[in-house]
Student: 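One structure follows; several queries about it will come next.
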Protein chains: 2
Amino acid sequence: MDYVCSVDYAFKRIGGKYKGRIIWYIHNFDNTLRYGELKRKLENITPKMLTQALRELEADGLVHRKVYHEVPPKVEYSLTDTGQELVPFIRHLKDWADAQIEKVKSSDVAEYDGRQ
Amino acid sequence: MDYVCSVDYAFKRIGGKYKGRIIWYIHNFDNTLRYGELKRKLENITPKMLTQALRELEADGLVHRKVYHEVPPKVEYSLTDTGQELVPFIRHLKDWADAQIEKVKSSDVAEYDGRQ
DNA sequence: CAGGATCCCCTGCGATACTG
DNA sequence: CAGTATCGCAGGGGATCCTG
């Protein structure tokens, strides 16, 4: 992978439409989620995109893939140590976002005062 | 803007190819950078993309735009308070990325031991 | 200097169908 | 259940030229 600075590098690794949420969801469920559970939580994701995102996260060493050779098949995804290191970052980002969302909601009302 | 969860919301606000670096660079230069300085630091960005990213960051309340009505024109960009709140997280992410980059570099060598 | 306007391309993402 | 395989598209991003 090529990148121009480490901030660029980081965003390329966890950017995209789903990777942040995938990491967050796996973390929030005892660090273990099956493929189908992830798919349900991400709601509208297609199997192609989910598989692609998971494969990239695995190749990047952020997510571990454990296959149970049974019928029916069972595959569990968990965060690696490196992946877990990202959790505090995502948590703080999430807190910031929650605050932002609240702020916008209240300013929808307060806006009228603002412009006199 | 629509989003399905706050993690999604956050990534939509600072995602994309340049926004993270823009915030980081502005912060790293006393919280004030002119348009041309930003453009030079981002190296290969086109004026269209830079202007677009800055306008979105401004609309999102993360960046402040100060125009000096002179000839030649001068425009300075700085982080708002809300924008500054993101700096610690980006720094955290950057530290993680720096460690990752180091790890990959050394494993290029160590890999041979690993596979026996 | 700090952009705006146009045209264009690539790829990230989606829809659908199929399989071990 | 946990994926592959194809096909297709919209829009994020790029190249180039122009301007107050």
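In the text below, chain A, chain B and the rest are named by the order of the sequence lines, each starting its count at 1.
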Student: By nearest atom, which of the nucleotides dA2(D), dC1(C), dG14(D) is closest to the Lys17(B) side chain?
Tutor: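 Of all the options, the side chain of Lys17(B) is nearest to dG14(D).
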Student: Looking at Arg55(B), does any N or O in its side chain come under 4.0 Å of the phosphate oxygens OP1/OP2 on dG4(C)?
Tutor: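 For dG4(C), OP1 or OP2 has a side-chain N or O of Arg55(B) closer than 4.0 Å.
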Student: Where each residue is assigned the nucleotide of DNA chain D containing its nearest heavy atom, which of Glu76(A) and Asn44(B) is assigned the position nearer the 5′ end?
Tutor: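 The residue closer to the strand's 5' end, by nearest nucleotide, is Glu76(A).
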Student: Measure the distance from CG on Leu38(A) to P on dG3(D) and round it to the nearest whole Å.
Tutor: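 So the CG-P distance, Leu38(A) to dG3(D), works out to 10 Å.
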Student: With respect to the side chain of Tyr35(A), which nucleotide from dA15(D), dG3(D), dG13(D) is positioned closest?
Tutor: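 The answer is dG3(D), which lies nearest to the side chain.
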Student: Please report the distance, rounded to the nearest Å, between CG in Leu54(B) and C1' in dG4(C).
Tutor: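 Nearest whole value for this atom pair: 15 Å.
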Student: Answer yes or no: side-chain N or O of Lys48(B) and base N or O of dG14(D) forming a donor-acceptor pair under 3.5 Å.
Tutor: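 It does, because a donor-acceptor pair links the side chain of Lys48(B) to the base of dG14(D) below 3.5 Å.
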Student: Glu56(B) has an atom CD; how far is it from atom C1' of dG3(C), in whole Å?
Tutor: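 After rounding, the reported distance stands at 16 Å.
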Student: Between Arg55(B) and Arg65(B), is a side chain to side chain contact (heavy atoms under 4.5 Å, CB included) present by the stated rule, with each step listed?
Tutor: CA-CA 9 Å; Arg55(B) 290 294 190 279; Arg65(B) 182 168 179 265; 3.4 Å; yes
Student: Could you state the NZ-C1' distance from Lys74(B) to dG20(D), rounded to the nearest angstrom?
Tutor: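 Whole-Å distance recorded here is 19 Å.
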Student: Taking CD from Glu37(A) and P from dC1(D), how many angstroms apart are they, rounded to a whole number?
Tutor: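 It is 11 Å, rounded to the nearest whole Å.
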Student: Do Tyr9(A) and Gln100(B) have a side chain donor and acceptor closer than 3.5 Å?
Tutor: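 Absent: no donor and acceptor within the cut-off.
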Student: Applying a 4.0 Å non-hydrogen cut-off, can you work out what Tyr77(A) is touching in the nucleic acid: base, sugar-phosphate, or nothing?
Tutor: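 Answer is sugar-phosphate: Tyr77(A) comes under 4.0 Å of backbone atoms only.
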Student: Determine, for Arg91(A) against Asp95(A), whether the closest basic-nitrogen to carboxylate-oxygen distance falls under 4.0 angstrom.
Tutor: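 No salt bridge links Arg91(A) with Asp95(A).
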Student: Considering every strand and a 4.0 Å limit on heavy-atom distances, what is the contact class for Lys39(A): base, sugar-phosphate, or nothing?
Tutor: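 Result for Lys39(A) = nothing.
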Student: dC13(C) P sits how many Å from Leu50(A) CG, rounded?
Tutor: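 Taking CG of Leu50(A) and P of dC13(C), I get 13 Å after rounding.
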Student: I would like to know whether Leu62(A) and Lys19(A) meet side chain to side chain contact (heavy atoms under 4.5 Å, CB included); could you show each step before the answer?
Tutor: CA-CA 10 Å; Leu62(A) 304 183; Lys19(A) 287 184 181 175; over 6 Å; no
Student: Determine: side-chain N/O of Arg34(A) to OP1/OP2 of dC1(D), distance under 4.0 Å, yes or no.
Tutor: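 No, no such contact exists.
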Student: Under 30°, 30 to 60°, or over 60°: which ring-plane class applies to Tyr35(A) and Tyr77(A), parallel, tilted or perpendicular?
Tutor: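 Tyr35(A) and Tyr77(A): tilted rings.
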Student: Does a salt bridge link Glu102(A) with Lys105(A), judged by any charged N lying under 4.0 Å from a carboxylate O?
Tutor: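 A salt bridge links Glu102(A) with Lys105(A).
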Student: When you check the side-chain N and O atoms of Asp98(B) and Ser6(A), is any donor under 3.5 Å from an acceptor?
Tutor: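 Indeed, the side chains of Asp98(B) and Ser6(A) share at least one donor-acceptor pair under 3.5 Å.
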Student: State the CG-NE2 distance between Leu86(A) and His92(B), to the nearest 0.5 angstrom.
Tutor: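 Output value for this atom pair is 7.0 Å.
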Student: Can you pull out how bent the helix from dC1(C)-dG20(D) to dG20(C)-dC1(D) is, comparing the axes over its first five and last five pairs, to 10°?
Tutor: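 If I round to tens, the end axes sit 60° apart.
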Student: Between Pro73(A) and Gly16(A), name the one whose nearest nucleotide on DNA chain C is closer to the 5' end.
Tutor: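 It is Gly16(A) whose nearest nucleotide is closer to the 5' end.
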Student: Which is more 5' along DNA chain C, the nucleotide nearest Pro47(B) or the one nearest Pro47(A)? Just name the residue.
Tutor: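 Here Pro47(B) is the residue nearer the 5' end.
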Student: Is the phosphate of dG14(C) approached by Tyr18(A) (side-chain N or O, under 4.0 Å from OP1 or OP2)?
Tutor: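 Checking Tyr18(A) against dG14(C): at least one side-chain N or O falls below 4.0 Å of OP1 or OP2.
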Student: Once you round it to whole Å, what is the distance between C1' of dA2(C) and NE2 of His69(B)?
Tutor: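 Between C1' of dA2(C) and NE2 of His69(B): 13 Å.
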Student: Using atom CZ of Phe11(B) as one end and atom C1' of dC13(C) as the other, report the distance to the nearest whole Å.
Tutor: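 Value for this atom pair: 18 Å.
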Student: Please confirm whether the shortest side-chain N or O distance from Arg65(B) to OP1 or OP2 of dG3(C) is below 4.0 Å.
Tutor: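 So the side-chain polar atoms of Arg65(B) do come within 4.0 Å of the phosphate oxygens OP1 or OP2 of dG3(C), strictly under.
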